[in-house]
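What follows is a set of notes on a single structure, which appears directly below.
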Protein chains: 2
Amino acid sequence: MTQNNKSSQPSELKDVFRNYLHHNGIKYTQARRHILDIVLEMGEHFEAEQLLYRLRENSISVGKATVYRTLPILVDCGILKAVRFDVKQTHYEFVYGQDPHDHMVCNRCGRIVEFSSDKVIELRKQLASENRFHVTGHRLQLTGLCWECATDCPVAIKK
Amino acid sequence: MTQNNKSSQPSELKDVFRNYLHHNGIKYTQARRHILDIVLEMGEHFEAEQLLYRLRENSISVGKATVYRTLPILVDCGILKAVRFDVKQTHYEFVYGQDPHDHMVCNRCGRIVEFSSDKVIELRKQLASENRFHVTGHRLQLTGLCWECATDCPVAIKK
DNA sequence: ATGCTTGCAAAACGTTTGCACAGGG
DNA sequence: CCCTGTGCAAACGTTTTGCAAGCAT
């Protein structure tokens, strides 16, 4: 699904990138082109080190520093999103053209259910005005048990 | 408020800690006692390094490694919660006996504003039934600019 | 007495930076 | 051509770990 999304619009994404760079006086270099290429072949979520590994696998010689310097640019131009979860490394998520969504994670089987963020955005507007805060983003993760696990194993509900 | 909460039940917390250690075959040592003492004097949120600094301030000699080894124990026994915001260091939050709440983090000054989770819990019930998921917990973090930064630096709002 | 716990220093970890050179506009 | 981007290695800040010695049970 997302893979399709990415592979069906590679040139559009390259244009987005090139235009962004051009408008900001940043150069469209070979290294950055290579990085975008491989980013498009990565799964939904990945870390800098994995990207570097894939570059090496494809015999593309790009320094680690360049990867770390390019990822923030891809975030700024709306292709990726940096998500910092409960691990030390930053994870990057492909977001270009995706609808905003949040996740429910099943504690038992690890299943991830996505749901639209509409109501969360509504709520956050409300919270923003109540707390005098200018909210621009959010991260929401619900944890619990998916339907199957909850019926399978009522005992696990306790946790 | 929280300070009162903590200082009004120090012995209860010490019991919780001692019992937890005892039940898990972990020793109730002087270093761990000292760390709990200072944790109770810390603000709502703190980092390992700040805790270490406060220990030094109080002329309590505890190694950095011991602090890093003790904090996870305090998390396991329900006194603290480890919260990872979008910064590199882990933040610890006093949660024993506290009402659930979530956070807004200012992108500019790093300030953390807490707000009640009531509405989030309401929302998550709704989302749970819509998506057939048994929700037991959540993590919500709003990001943006606190009031001061938003007025100080309207330009930053763009980001 | 036993073996978990400690402190120290050193390692590990992901990430950033200083520098001289390469390459894009 | 100029000035930005690059790769390397070294620096960085946080956290973890190996080890000999210390202490709680």
Side-chain angles (χ1 to χ4, degrees), chain A residues 14 17-38 42 45-56 58-77 80 82-93, chain B residues 14 17-39 42 45-56 58-77 80 82-93 110:
Chain A
K14 287 175 188 175
F17 191 42
R18 191 171 50 239
N19 287 336
Y20 175 84
L21 295 179
H22 184 252
H23 276 83
N24 288 79
I26 305 174
K27 290 175 180 166
Y28 187 56
T29 63
Q30 195 171 65
R32 304 216 244 243
R33 255 175 276 144
H34 279 145
I35 291 171
L36 178 58
D37 284 343
I38 301 302
M42 299 297 293
H45 303 91
F46 63 90
E47 314 163 18
E49 219 60 34
Q50 294 174 330
L51 175 56
L52 196 54
Y53 182 75
R54 287 282 266 278
L55 284 162
R56 300 271 146 84
N58 290 40
S59 311
I60 299 172
S61 149
V62 176
K64 168 182 295 202
T66 303
V67 168
Y68 277 101
R69 284 187 278 229
T70 302
L71 285 170
I73 301 178
L74 287 165
V75 169
D76 285 345
C77 75
L80 297 181
V83 290
R84 203 179 278 265
F85 210 48
D86 278 347
V87 287
K88 58 210 71 185
Q89 327 96 271
T90 300
H91 280 70
Y92 292 89
E93 177 179 29
Chain B
K14 288 174 187 177
F17 191 42
R18 191 171 49 239
N19 287 337
Y20 176 85
L21 295 179
H22 185 253
H23 276 83
N24 289 78
I26 304 174
K27 289 175 181 167
Y28 187 55
T29 62
Q30 195 170 66
R32 303 216 244 244
R33 254 174 277 144
H34 279 145
I35 291 172
L36 178 57
D37 285 344
I38 301 301
V39 160
M42 298 299 290
H45 303 91
F46 61 91
E47 312 163 18
E49 220 59 35
Q50 295 173 330
L51 176 56
L52 195 55
Y53 182 76
R54 287 283 266 277
L55 284 162
R56 300 269 145 85
N58 291 39
S59 311
I60 298 172
S61 148
V62 175
K64 168 182 295 201
T66 303
V67 167
Y68 277 100
R69 283 187 278 230
T70 302
L71 285 170
I73 301 177
L74 287 165
V75 169
D76 285 344
C77 75
L80 296 181
V83 186
R84 204 174 271 273
F85 296 110
D86 280 346
V87 288
K88 57 213 76 178
Q89 326 96 276
T90 300
H91 279 71
Y92 291 90
E93 172 179 37

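Keep in mind the model is a prediction, meaning the values are calculated, not measured. Per chain, numbering begins at 1; letters A, B, ... match sequence-line order.
- When the side-chain hydrogen bond (donor to acceptor under 3.5 Å, both in side chains) test is applied to Arg18(A), the partners found at least two apart in sequence or on another chain are Asp15(A).
- Closest approach of Ala48(B) to Val67(B), counting heavy atoms only: O-CG1, 4.1 Å.
- Summarising the geometry, the separation between NE2 on His34(B) and C1' on dG7(C) is reported as 15 Å, rounded to the nearest angstrom.
- The shortest heavy-atom contact between Thr90(B) and Arg84(B) is OG1-NH2, 3.1 Å.
- Rounded to whole angstrom, the span from the CD1 atom of Ile35(B) across to the P atom of dG7(C) amounts to 8 Å.
- At its two ends the helix from dA1(C)-dT25(D) to dG25(C)-dC1(D) runs along axes set 30° apart, each axis drawn from five pairs and the angle rounded to 10°.
- Sorted by first and then second residue, the salt bridge (charged side-chain N to carboxylate O under 4.0 Å, His left out) pairs involving residues 66-77 of chain B (not counting sequence neighbours) form an empty list.
- Heavy-atom minimum distance, Phe17(A) versus Arg32(A): CE2-O, 3.6 Å.
- Among residues two or more places apart in sequence or in another chain, the side-chain hydrogen bond (donor to acceptor under 3.5 Å, both in side chains) test is passed with Gln89(A) by Glu47(A).
- Here chain A contacts DNA chain D (any atom closer than 4.0 Å to a heavy atom, that is under 4.0 Å), and the contacts span dC3(D) to dC8(D) from 5' to 3'.
- Ile38(A) places a side-chain heavy atom less than 4.5 Å from the side chain of Met42(A).
- His22(B) NE2: 12 or fewer foreign heavy atoms inside a 6.0 Å radius.
- For Ala31(A) against Thr66(A), the heavy-atom pair with the smallest separation is CB-CG2, 4.0 Å.
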Where protein sits on nucleotides 15-25 of chain C, one letter per nucleotide: B base, S sugar-phosphate only, - none, heavy atoms under 4.0 Å = BBBB----BBS
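- Of the residues Leu51(A), Ile26(A), Leu36(A), Ile35(A), the one that meets the side-chain contact (heavy atoms from CB on, under 4.5 Å) test with Thr70(A) is Ile35(A).
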